[in-house]
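Per chain, numbering begins at 1; letters A, B, ... match sequence-line order. Being a predicted model, the structure only gives us computed values, none of them experimental. Hydrogens, waters and symmetry mates are skipped; everything else that's a heavy atom, side chains included, is used.
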Amino acid sequence: MRWSKTLHTTLRDEPQEAEIASHKLLIRAGYVRRVSGGLYTFTPFGVRVLRKVENIVREEMNRAGAHEILMPALQPIELWNISGRASQMGASMFSLKDRQNRTMVLGPTHEEVVTDYIAHEISSYRQLPCTVYQIQTKFRDEIRPRFGLMRAKEFIMKDAYSFDVSMEAADISYKAMYDAYVRIFERCGLDAKAVEADTGNIGGSHSHEFMVLAPSGEDGIINCSGCGYSANQERAERNTSGSEFSTKNGEPEDVPTPGARTVEEAAQAVGVSPEQIVKSLVYLADGKPVLAIVQGTREINECKLRRVLGCSILELADDETTVKHAGPVGSLGPAGVNLPIYADTGLKGARDVVTGANKEGFHTRHVSIEDSVTVKAWVDIATVVAGDNCPKCKEELSVQRGIEVGHVFKLGTKYSEVFDASFLSAERTSNVMVMGCYGIGVTRTMQAVIEQNFDENGIVWPASVSPYQVTLLELDAKKDENCRIVTENLEKELEENGIDVFVDDRDERPGVKFKDADLIGCTVRVVVGKRALEKGGVEVHIRKTGETRIIPLADVIPAIKKALAE
RNA sequence: CGGGGUGUAGCGCAGCUUGGCAGCGCGUUUGGUUCGGGACCAAAAGGUCAAGGGUUCAAAUCCCUUCACCCCGACCA
């Protein structure tokens, strides 16, 4: 392809809408154009990269034995009523009516459709195991789309679903997908790592997220250098056996703390450190109020709390509800409250702490949680932070940021039961299939590749997903007819050797061409110009390393092949 | 949904406080000079100043309403 024949444009200025490097570069280099919040047009260059990522995913899925299918993006709401997720997904699902006034949704995911499909298709254990996948557009009405393709309202996802005769068999399918994911991200040039993850409203017992480490990532990842434990901050646990509290404990005593609403203010008013405050919060678990308590300097982790409560909707109660069931906001305490109380395990053995007195403007000091509070359950509900101890080996934990590019779930029978996806076993009994589901955000992965591969001049594409493997700059074309001929021949030769090449044949000054080539970021840059031709060759430059060499014309193809293979 | 901010040429922005001809840089077009890391000179095209309403002799500018977008938070396979 020649630049003069394309509609490709680059931007000199940074787009005002973009925050992170990969988003700025996607726009500046001309890979995507914003249509509206969270919606993007992929330019011809953008599509080329996208297709390369998709094909890597497709090849690895096929290699893992999965079968490609294509399901509709538009789905009848009935399927979602069957699974019960219509209400659960709620506002995050785009919904519309057809002219018959039937409610349709734009699929945010496809567990319902695929389970319904497989339930009709498979009836015998002989047809199992079976894994199907598709690469398709998903829709989610994100509250706040951001970072370009990272969190968009419409995006491309690869979603795969496995069906097995038993839990044990499902583990094998899960492992096959897990391994395929490792290969996929590696082939995309990504440094990704698998971490234990929360299953969220999709359900299921066990899951791993594949994270691309990047400071701009939206997720926190907890790591243990001692044993390799790694988990999403949403789910990460900690060892609390070492918690130290005062051994002495005076008589509980109310002290006035007028106007103190935050932990900091309360600590100041009582004259203790914030660590000695116990924070109490009322939550509504599927509408039922509960009280959660945690050390004042810690955050309650709502994902973990939701898991231990086993509810689907968990929200912080508003002030009115809090006052009605417990006590005044700001002076809320666990003592004497008639609600199920869930105490963070970090508070076990806590003595001489300060809680709200459930009296406006008062806190109680010298409280022993175990003596004064009727705890329904001791549970790990605090968010793990750097410096906490590993739940497995007690080493100190650290935190990194990551971009979630893939997620694998052991689903169990949540969907197969309600959609009656059952089969007849060899023993002639009817059994429910055990499912797994596996997603990769394809468009997000494309942007994540940039987030991990750029420098001050632009994108640095790995060869596997570079829009063109080679950018060929034609310089001095007006001065020297020979430059044009060499460019033309080289273009032809590269194409004949199966190497994608993009020729910058614009009537531009060399500086412009160099800048654009760096910005666009193809893996190898070849310059045809008088300078090198006089030495009998062309210049071959590796974008990533910056290495430049003049290669004799006869040796160019092998030299490029070698560079692309590295 | 709460808080903050921004809407002016394709892109990036000034002008708004204190009302008085619609501006700058980049990009685009034409001509010329230049030509190995985002050139220079000259000329030109390109605008419903987000939309609607109001105040005023006069509104990009002041007031009201609406919309869009961005940021923080809540939320989120």
Side-chain angles (χ1 to χ4, degrees), chain A residues 7 9-20 23-24 27-28 30 33-39 85 88-93 107-112 138 140-148 150-153 155 157 159 161 197-204 207-210 218-219 232 234-235 302-303 306 312-316 318 404-409 411 414-415 436-441 444 456-458 473-480 483 504 506-519 525 527-534 538-539 541 546 548 550:
Chain A
L7 49 86
T9 52
T10 57
L11 268 41
R12 290 201 182 197
D13 295 315
E14 287 200 341
Q16 165 261 323
E17 76 207 54
E19 279 282 292
I20 60 173
H23 187 195
K24 287 176 184 167
I27 293 169
R28 272 196 67 209
R33 294 289 179 238
R34 197 181 70 90
V35 174
S36 120
L39 297 173
R85 282 207 296 177
Q88 213 175 89
M89 297 297 285
S92 71
M93 192 152 66
T109 174
H110 281 73
E111 281 80 17
E112 282 77 2
K138 301 277 193 263
R140 286 187 204 171
D141 193 357
E142 290 287 347
I143 294 172
R144 188 142 92 86
R146 62 179 132 179
F147 301 148
M150 287 295 181
R151 183 170 291 268
K153 287 186 169 169
F155 57 97
M157 176 177 261
D159 45 327
Y161 306 88
D198 188 64
T199 50
N201 80 4
I202 203 158
S207 84
H208 285 94
E209 280 167 350
F210 284 78
E218 294 190 80
D219 290 287
N232 191 312
E234 286 181 345
R235 136 189 260 277
E302 296 184 7
C303 282
R306 183 174 14 231
S312 57
I313 297 170
L314 180 74
E315 56 186 345
L316 197 57
D318 57 31
E404 180 193 347
V405 287
H407 205 157
V408 291
F409 292 84
L411 269 186
K414 173 172 171 176
Y415 298 93
C437 74
Y438 317 91
I440 289 180
R444 181 183 280 187
E456 66 278 9
N457 294 314
L473 303 193
E474 179 189 62
L475 304 188
D476 307 321
K478 279 193 203 157
K479 263 196 310 219
D480 189 346
C483 288
D504 188 351
R506 294 175 300 169
D507 182 17
E508 286 287 354
R509 296 163 62 81
V512 174
K513 296 192 178 191
F514 283 119
K515 287 286 183 192
D516 274 336
D518 284 349
L519 182 60
R525 183 188 77 200
V527 180
V528 177
K530 268 183 82 171
R531 228 186 242 184
L533 279 184
E534 277 162 10
V538 295
E539 227 175 80
H541 168 93
T548 306
I550 294 178

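Using a 4.0 Å cut-off between a side-chain N of Lys or Arg and a carboxylate O of Asp or Glu, A:Glu474 and A:Lys513 do not qualify as a salt bridge. A:Lys138 has a carboxylate O that lies under 4.0 Å from a charged side-chain N of A:Asp159, or vice versa, which qualifies the two as a salt bridge.
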Contact list (N/O, under 3.5 angstrom) for nucleotides 25-28 of chain B vs protein:
unit_1, atom_1, unit_2, atom_2, d
B:rG25, N2, A:Asp13, OD2, 3.3
B:rG27, OP1, A:Arg12, NH2, 3.1

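Here B:rG46 sits opposite no nucleotide as a Watson-Crick or G-U wobble pair (both hydrogen-bonding atom distances under 3.5 Å). Nucleotide B:rG20: paired with B:rC57 (Watson-Crick or G-U wobble, both distances less than 3.5 Å). When both distances must be under 3.5 Å, the Watson-Crick or G-U wobble mate of B:rG2 is B:rC72. For B:rC11, the paired base is B:rG25 (Watson-Crick or G-U wobble, both distances below 3.5 Å). Pair check for B:rU65 finds B:rA51; Watson-Crick or G-U wobble, both atom distances under 3.5 Å. Partner assigned to B:rA77 is none, using Watson-Crick or G-U wobble distances below 3.5 angstrom. Nucleotide B:rA39: paired with B:rU33 (Watson-Crick or G-U wobble, both distances less than 3.5 Å).
Put simply, CG on A:Leu39 is 13 Å from C1' on B:rA68, counting in whole angstrom units. Per the geometry, CD belonging to A:Glu456 stands 17 Å off P belonging to B:rG37, to the nearest Å. Between the CG atom of A:Asp141 and the P atom of B:rA77 there is a distance of 14 Å, rounded to whole Å. The CZ atom of A:Arg506 sits 14 Å away from the C1' atom of B:rC35 (whole-angstrom rounding). Computed from coordinates, the A:Lys530 NZ to B:rC35 C1' distance equals 11 Å when rounded to whole Å. Look at CE on A:Met157: it is 7 Å from C1' on B:rA77, rounded to the nearest Å. Taking atom NE2 on A:His541 and atom P on B:rG36, their separation rounds to 18 Å, with Å as the unit. One can place CD of A:Glu539 at 11 Å from P of B:rG37, the figure rounded to the nearest angstrom.
Between the side chain of A:Arg525 and the main chain of A:Asp518, no donor-acceptor pair closer than 3.5 Å is present. Checking side-chain atoms of A:Arg28 against main-chain N and O of A:Glu14 turns up no donor-acceptor pair under 3.5 Å. Between the side chain of A:Thr10 and the main chain of A:Gly30, no donor-acceptor pair closer than 3.5 Å is present. Remark: side-chain polar atoms of A:Asp504 are paired, donor with acceptor, to backbone N or O of A:Arg506 under 3.5 angstrom. A:Arg444 places no side-chain N or O within donor-acceptor distance of the main-chain N or O of A:Val405, the cut-off being under 3.5 Å. Counting only distance, with no hydrogens or angles, the side chain of A:Tyr161 and the backbone of A:His110 share a donor-acceptor pair below 3.5 Å.
Note on A:Asn457: nothing from the nucleic acid sits closer than 4.0 angstrom, heavy atoms only.
Taking the C1' atoms as reference points, B:rG27 lies 14 Å from B:rA44, given to the whole Å. Taking atom P in both B:rA60 and B:rG12, one finds a spacing of 23 Å when rounded to whole Å. Look at the P atom in both B:rC62 and B:rU6: the space between them is 12 Å, to the nearest Å. Between the C1' atoms of B:rU29 and B:rU66, the separation comes to 39 Å (whole Å). Comparing the C1' positions of B:rA45 and B:rG10 gives an interatomic distance of 13 Å, to the nearest angstrom. Nucleotides B:rC21 and B:rU61, compared at atom C1', are 15 Å apart to the nearest Å. Atom C1' of B:rG25 sits at a distance of 10 Å from the matching atom of B:rA14, rounded to the whole Å. Nucleotides B:rC16 and B:rG31 are separated by 39 Å at their C1' atoms, to the nearest Å.
At a cut-off of 3.5 Å, with distance as the only test, no side-chain donor of A:Asp141 or A:Ser92 sits close to an acceptor on the other residue.
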With salt bridge (Lys or Arg N to Asp or Glu O under 4.0 Å) as the test, would you mind laying out the steps for A:Glu19 and A:Arg146 before giving the verdict? CA-CA 9 Å; A:Glu19 279 282 292; A:Arg146 62 179 132 179; over 6 Å; no

With salt bridge (Lys or Arg N to Asp or Glu O under 4.0 Å) as the criterion, how do A:Arg151 and A:Glu142 come out once you've worked through the C-alpha distance, each side chain's angles and the decisive distance to 0.1 Å? CA-CA 8 Å; A:Arg151 183 170 291 268; A:Glu142 290 287 347; 3.1 Å; yes

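Each of B:rA77, B:rU34, B:rG38 was ranked by its minimum atom distance to the side chain of A:Val512; first place goes to B:rG38. Nearest nucleotide to the side chain of A:Arg531, out of B:rC76, B:rG36, B:rG37: B:rG36. Distance from the side chain of A:Leu475 is smallest for B:rG36 among the nucleotides B:rA77, B:rG38, B:rG36.
Aromatic ring centres of A:His208 and A:Phe210: separated by at least 6.0 Å.
Applying the 3.5 Å distance criterion, the base of B:rC76 shares a donor-acceptor pair with the side chain of A:Arg151.
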With the sugar-phosphate defined as primed atoms, P, OP1 and OP2, and the base as all remaining atoms, what B/S/- string results for nucleotides 69-74 of chain B, 5' to 3', for protein heavy atoms under 4.0 Å? SSSB-B

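In terms of position along RNA chain B, the nucleotide closest to A:Asp507 lies nearer the 5' end than the nucleotide closest to the other residue of the pair A:Lys515 and A:Asp507.
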